[in-house]
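What follows is a short report on a single structure.
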Amino acid sequence: MKAAAFEYTRPGTLQEALQALRQHEGRAKLMAGGQSLGPMLNLRLARPPFVIDISGLSELRTVTRQDGMLRVGAAVTHAEIEDGVHELLRGTPLQQVAPGIAYRAIRNRGTLGGSLAHADPAADWVLTVVGLGATLEIAGPDGVRMLPADGYMQGAYTTGLREDELIAAVHLPSPSPQARWGYYKFCRKTGEFAEASCAAWFDPAAGTARIVVGALDGPPRLLPQLSARIAQQGLAGLDETLLATELAGVMQDKDEHHRKVHGTAVTRCLAQALG
């Protein structure tokens with residue numbers, strides 16, 4: 001199939017993009033890399049009368065250090081992160097995650113902000129930003145507001161974005177030399193969506209300990225008790241009973257098989273981070 005007819009706009013500035021969103025009053029769709037929206041348009045799962053292409057906005061394509069955080073523009077592509085195009089992202093958790101996203105053709109055009117806006121529960125960046133305790137910079141008609149990643153995704157393909165807002169950037173903590181990161185996902189075939197995933201972030205200098213599981217029916221979920229225990233005891237604190245109990249609490253609608261697969265993802269993620 002081909003997309004239903006729509007009016008295409010490519011604004012030159014962020015303010016022009018926001019103005020177009022306001023003008024169309026919820027009837028427009030934003031396009032960044034188009035790797036999610038494009039197929040939805042062609043299958044006619046989405047039929048917006050207006051499409052606003054923000055992939056070329058220079059304001060969304062920079063990576064800077066700001067107030068002790070790394071500010072990553074929403075239109076930075078997966079491939080640019082993977083290839084180390086931006087010096088500040090080299091050696092960071094983002095560069096570790098990026099090569100495992102889908103296929104290279106997808107990574108060449110897909111963007112950080114586009115993936116977050118789509119909010120697929122199995123997506124890599126949704127889990128990554130929650131695992132890192134990141135903050136999203138949201139631009140709207142009233143200016144900029146900062147939204148913690150923990151509360152951004154409300155359900156499958158459902159976020160805290162309003163109709164007249166867009167993701168401008170993601171703010172990430174600058175890690176100390178002692179910081180450790182792990183990321184593991186289980187896919188039946190390379191490039192496919194994850195069936196289970198886990199991100200782990202430990203930074204003793206900042207007092208941060210986060211173990212988060214993804215590829216659920218909704219947003220990623222933190223395992224707070226296991227996170228605290230691992231932070232104190234390292235891998236020796238990996239208690240199978242505690243892990244099973246916490247997973248059961250965040251996967252109440254899943255059967256034993258799914259909990260087992262997620263448990264394996266957590267174990268391998270921690271081994272990667274701390275082994």
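Keep in mind that what you see is a predicted model, and the values were worked out from it rather than measured.
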What pair of heavy atoms forms the shortest contact from Gly263 to Leu243, and how long is it?
O-CD2, 3.8 Å
Roughly how far, to the nearest 0.5 Å, is the CG atom of Leu222 from the CD atom of Glu246?
8.0 Å
Is there a side chain to side chain contact (heavy atoms under 4.5 Å, CB included) between Arg210 and Leu132 once you walk through the steps?
CA-CA 8 Å; Arg210 298 176 67 84; Leu132 291 170; over 6 Å; no
With the 4.5 Å side-chain cut-off for hydrophobic clustering, are Leu60 and Val76 part of the same group?
no
For Pro48 and Leu41, the nearest pair of non-hydrogen atoms, with its separation, is CD-CD2, 3.5 Å
Report yes if some heavy atom in the side chain of Lys29 is under 4.5 Å from a heavy atom in the side chain of Met40; otherwise report no.
no
Could you report the tightest heavy-atom contact between Leu89 and Leu94, atom names first, then the distance?
CD2-CD2, 4.4 Å
Test item: Pro220 and Val126 side chains (from C-beta on) under 4.5 Å apart, heavy atoms:
yes
Interatomic distance, CZ@Arg221 vs NE2@His262, rounded to 0.5 Å, equals 11.5 Å
Hydrophobic cluster membership, Phe50 vs Leu161, 4.5 Å side-chain cutoff:
no
Taking it one step at a time, do Asp83 and Arg104 satisfy salt bridge (charged side-chain N to carboxylate O under 4.0 Å, His left out)?
CA-CA 11 Å; Asp83 295 344; Arg104 179 67 189 198; 2.8 Å; yes
Examine distances only and state if a side-chain atom of Arg109 and a backbone atom of Gly34 form a donor-acceptor pair shorter than 3.5 Å.
no
Sidechain-backbone polar pair: Gln23 side chain, Gln19 backbone, donor-acceptor under 3.5 Å
no
Expected output: side-chain Arg259 to main-chain Lys254 donor-acceptor under 3.5 Å:
yes
Locate the shortest heavy-atom distance separating Gly68 from Ser174; write the atom from each residue and the value.
O-OG, 3.0 Å
Identify whether Leu70 and Ile138 are in the same connected component of the hydrophobic contact network (ILVMFWY, side-chain heavy atoms under 4.5 Å).
yes
Can Cys198 and Arg268 be said to form a side chain to side chain contact (heavy atoms under 4.5 Å, CB included), step by step?
CA-CA 9 Å; Cys198 178; Arg268 294 181 181 180; over 6 Å; no
Which heavy atom of Arg22 sits nearest to which heavy atom of Pro141, and what is that distance?
CD-CB, 3.5 Å
Contact check, side chains of Val213 and Leu247, non-hydrogen atoms, under 4.5 Å:
yes
Output for pair (His86 NE2, Glu80 CD), nearest 0.5 Å, gives 4.5 Å
Main-chain N/O of Arg71 paired with Gln66 side-chain donor or acceptor, under 3.5 Å
no
Is there a donor-acceptor pair closer than 3.5 Å between any side-chain N or O of Lys185 and the backbone N or O of Gly100?
yes
Given 3.5 Å as the limit, does a donor-acceptor pair link the side chain of Asp67 with the main chain of Met69, or not?
no
Note, Ser176 side chain near Asp203 side chain (heavy atom, < 4.5 Å)
yes
So do Ser115 and Gln35 actually touch side chain to side chain, heavy atoms under 4.5 Å?
no
When rounded to the nearest 0.5 Å, the distance separating CG of Leu238 from CG of Leu226 is 6.0 Å
Decide yes or no for His24 and Pro49: does some side-chain heavy atom of the first lie under 4.5 Å from some side-chain heavy atom of the second?
no
Drop me the distance from Leu166's CG to Leu136's CG, to the nearest 0.5 angstrom.
11.5 Å
Please say yes or no: joined through hydrophobic side-chain contacts below 4.5 Å, possibly via intermediate residues, are Ile54 and Leu37 part of one cluster?
no
Nearest heavy-atom neighbours spanning Glu59 and Leu14:
OE2-N, 3.0 Å
List the steps and the verdict of side chain to side chain contact (heavy atoms under 4.5 Å, CB included) for Thr135 and Val170.
CA-CA 6 Å; Thr135 303; Val170 176; over 6 Å; no
Heavy atoms of other groups near Gln154 CD, more than 12 under 6.0 Å:
yes
Determine, stepwise, if the pair Asp150 / Val130 fulfils side chain to side chain contact (heavy atoms under 4.5 Å, CB included).
CA-CA 5 Å; Asp150 280 348; Val130 174; 3.4 Å; yes
Using only atom types and a distance under 3.5 Å, with no angle test, would you say the side chain of Arg180 pairs donor to acceptor with the backbone of Trp201?
no
CD on Glu137 to CG on Leu147, rounded to 0.5 Å
11.5 Å
Scan for ring pair (Phe, Tyr, Trp, His ring centres under 6.0 Å) pairs involving residues 142-200, sequence neighbours excluded, and state none if there are none.
His118-Tyr157
State plainly whether one hydrophobic cluster holds both Phe6 and Ile52, where clusters connect Ile, Leu, Val, Met, Phe, Trp and Tyr through side-chain heavy atoms under 4.5 angstrom apart.
no
Using modelled atom types only, decide if a donor and an acceptor are shared between the side chain of Asp124 and the backbone of Leu127 within a distance under 3.5 Å.
no
Can you tell me if Arg229 uses its side chain to pair, donor with acceptor, with the backbone of Gly237 under 3.5 Å?
yes
Report yes if some heavy atom in the side chain of Leu270 is under 4.5 Å from a heavy atom in the side chain of Phe202; otherwise report no.
yes
For the side chain of Arg107 and the backbone of Ile101, is there at least one donor-acceptor N/O pair under 3.5 Å apart?
yes
